[in-house]
Amino acid sequence: MKTSVFLGTLSVAALAAGFASSATLDDVKARGELNCGVNTGLAGFAAPDANGNWQGFDVAICKAVAAAVLGDSSKVKYVPTTSETRFTALASGEIDVLSRNTTWTFSRDADLKFTFVGVNYYDGQGFMVRKDLGVTSAKELDGATVCIQTGTTTELNLADFFKVNNMSYQPVAIQTNAEGEQQFLAGACDAYTTDASGLASTRAIFPNPDDYIILPEIISKEPLGPLVRQGDDQWADIIRWTYNALVAAEEYGVTSANVEELSKGTDNPEINRMLGGEGDLGAMLGLDKEWAKRAIAASGNYGEIFAATLGEGTPIGLARGLNALWTQGGLQYSPPFR
Amino acid sequence: MADKTTSAPFVRKEMLAPEGPPATQIGAVKWLRENLFSGPLNTLLTLAGLTTIAYLLNLALPWFLHSVWNAKTFSECREIVANTWGPDAHGACWAMIRERWNQFLFGFYPNDLYWRPVLTFLLLFVAIVPVLFREWTPRLMVAGGVVGALILWLSVAYGDAIPAGILVVILVVAGLLGRSGRKYPATLSWFTLIFPVLALWLLWGGSIWMSVAILLGFVLGGLAFRLVSPAGGLVFGATAAVLVPILWWYYGSEPFALALDRITGHGKPFWLREVRSDDFGGFVLAFVIGVSGIAASLPLGIILALGRKSDMLLVKWICVGFIEFIRGVPLITLLFTASLLLNYFLPPGTNFNIILRVIIMVTFFSAAYIAEVIRGGLAALPRGQYEAADALGLDYWKAQRLIIMPQALKISIPGIVSSFIGLFKDTTLVVFVALLDPLKGITDAVRASLDWKGIYWEPYIFVGCIFFVICFSMSRYSMHLERLLKREHR
């Protein structure tokens, strides 16, 4: 309700807009709160519980960053964003970081002037069909009716895939995931296509999950990751290395349970450097020594977060797959803390 | 001997009891024959209708009958249905509403502060009574008693001193005004005037002095008008009435509020815990936007309608331009402008409340439609009414206030209420600017939790029912008002 502040600053808007974005870290510290853009609701990635507390895979990134920067993982203001509002919210400074299952693409990186700081989930578009359809490969879907969300990249991917394979299909336009589930269950379409993670969580809540299969083909690359505005490299580094710390922590066996103990000193100098026992990596980011320790303590390392929100122990039941550590045949890889 | 008895003519001694009408001419059978089976076509249509109803009931009724009210997750619901009614049965899972009703109503408003929106809602009834009703009818008294009792209960149970204080003030002032002989709901109209700032304070919290400062701006504007207009005429008076409050809000209100705040401190009666706009959601949000929009768009609509019929060219073209532009653009475009485009123009970090922005846009949108509805009412008035006003020597504003507007508004009631109902339902569109409206925003958020993923119809039905109750009440009230104001054929 600071209307006078708003009016007063209007006059210097043009001046300030140029360089006001270069110190996100200072803004966040001064505010004492991280503004984190999340999905308005996507199972496993971001959803509020009965008490209004946000939880999920993307939300854990926000918590880790808040813990690293502000020392308290609860000092996050979650800003729900739709696919239409997310980029404007970030570009205008309404949010400091967007952690909302956003696909890293060339144009978003280069043209929209954002910096993707990493990939926290490697996703891809897949198909789900009823088992009694007798289809075992997406290449057999010629002439099928396909439920598809309009206005998304999945729609374009689908068109590409069928064109390349010389097949035809009948699209059934849907607006939301919930509507898609309903239509697919009602038999309005032979196949339902969306991101593989979405398919898995959708199938998991069906009355008879075993009656449906997810086809093996993944027809697109959807690397999802957090992003920030271009031009504030220090802030981008903070998010990037907070995320790297979570991945490295899993690699080195640092968990939320033992991080306190390990921070007192270990035989592994890399762990010591990361947790602040040796050297002063935090200062190079403009943070204190224990930033990574707090980030890991917030909701655990990458593996713990995955297991708690998406993993096989949850109803979504996603396997690690591409998101396993590089040491286990996946793509999750953190550059060295040195 | 002749047999006398055989030749005696028959004479009926008692009257026959009248026969009832034929079975086909009375009761349900007659009604059915006349209304449902009066001819081959109607019979056919009736049968088709009955089949459709039976088919729909067959689909939906088991689903309703198999409702589950107690469960923690959607899959648990399904299990209960399968265990009780067989593996193929479908059942509604109202347990989800039971678990998450608070989010549908309050969004993320802090749990321990729910009494504040509820109290504001109750006070809203107190505030609209003087606007909606002219006399205390027995039914109105009963409703007032219920609302008063609820306010009292809330104040005792939750609000400590604050709501009780509000209640005492209302009762005392209403009592004082009542003693001066006006025993009508209009005695409460002073409360209607302060309700907006009171609601602002109750919903968002913070210091009461900010609300007082805002209110003071209006008072100053009124004073300026009173002082300037006798000396400088209407134009200068109106200018002063607009300028003085703006200057006050811009320069005076904050120091004033801060100074008083420093004196009173963050003590109990003057300070409420602050709640951020992001925490607003569900029906609290729908009501905040809907009620503010309705309250603000009617006066704005009247001004625009008058402006459009004005002889002053500049005023006329501004009003025409405004109305045609706003009506020519979809509401969602305006909302996107408010939330996205504006962000590019404002300096980074500007905190221009998103709810306020949405309210402004919704108000503009609705005002443009209402202006046209009222213009229809103005056009329907016979020319003689204008001439009569002139003949009485009334100036423009007096003529509008006493003769033209009361009639024009009466004619426009159905159209205006339609606009209001439309506005209230349109509040759900704020989901596109990432505010959590009850219909889709909250529903999607709830559905995204693993417990309730896959649930589809239940939240829509729940929210739809609440919307129906509200919109139907508005519609019934407008019919009541039309009956009340009917003058022609008495």
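Just so we're clear, the structure is a prediction, and the values are computed from it rather than from any experiment. Here is the naming used below: chain letters follow the sequence lines, and residue numbers restart at 1 for every chain.
No hydrogens or angles considered: a donor-acceptor pair under 3.5 Å links the side chains of A:S197 and A:D123. When only modelled atom types and interatomic distance are considered, A:N39 and A:D58 share no side-chain donor-acceptor pair under 3.5 Å.
In terms of modelled atom types and a separation under 3.5 Å, the side chain of A:R320 and the main chain of A:N323 share a donor-acceptor contact. A donor-acceptor pair is defined here as one N or O able to donate and one able to accept, closer than 3.5 Å; no such pair exists between the side chain of B:W248 and the backbone of B:S253. A distance-only check finds no donor-acceptor pair linking the side chain of A:R130 to the backbone of A:G187 [under 3.5 Å]. Looking only at distances, no side-chain donor or acceptor of B:H90 sits under 3.5 Å from a matching main-chain atom of B:W63. The main-chain N or O of A:T194 is never found under 3.5 Å from a side-chain atom of A:T154 such that the two would form a donor-acceptor pair. Of the possible donor and acceptor atoms, one in the side chain of B:Y109 sits under 3.5 Å from a partner among the backbone N and O of B:L203. Here the side chain of A:T102 pairs a donor or acceptor atom with the backbone of A:R100 at under 3.5 angstrom.
Proximity to chain A at a heavy-atom threshold of 4.5 Å picks out B:D444, B:A445, B:R447, B:A448, B:S449, B:L450, B:K453, B:G454, B:Y456, B:W457 from residues 443-459 of chain B, in numerical order. Close approach to chain B, defined as a heavy atom under 4.5 Å from one of its heavy atoms, is seen in A:L42, A:A43, A:G44, A:A46, A:A47, A:P48, A:D49, A:A50, A:N51, A:G52 of residues 42-52 of chain A, taken by number.
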Walk me through whether A:N177 and A:Y192 qualify under side chain to side chain donor-acceptor pair (under 3.5 Å). CA-CA 10 Å; A:N177 211 14; A:Y192 180 39; 2.4 Å; yes

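Here B:W204 and B:F280 bring their ring centres to under 6.0 angstrom of each other.
Comparing A:S83, A:G56, A:P315, A:P207 by how many heavy-atom pairs each has under 4.5 Å with chain B, the most go to A:P207. The most heavy-atom pairs under 4.5 Å with chain B, out of A:V79, A:T81, A:T85, come from A:T85. Your options are A:E33, A:Q55, A:R31, A:R86, and the one with the most heavy-atom pairs under 4.5 Å with chain B is A:E33.
Using a 30° and 60° split on the angle between ring planes, B:F106 and B:W101 fall in the perpendicular class, above 60°. In this pair, A:Y121 and A:F306 present their aromatic rings parallel. The plane angle is below 30°, not in the 30 to 60° band.
Using a 4.5 Å cut-off between heavy atoms, A:S201 touches chain B through backbone and side chain atoms alike. Only the side chain of B:N102 comes within contact range of chain A, with at least one heavy atom under 4.5 Å from a heavy atom of that chain. Contact annotation for A:E179: both backbone and side-chain heavy atoms come within less than 4.5 Å of a heavy atom of chain B. If you measure heavy-atom distances from A:F206 to chain B, the contacts under 4.5 Å come from the backbone alone. Contacts between B:Y251 and chain A at a heavy-atom distance below 4.5 Å are absent for every atom of the residue.
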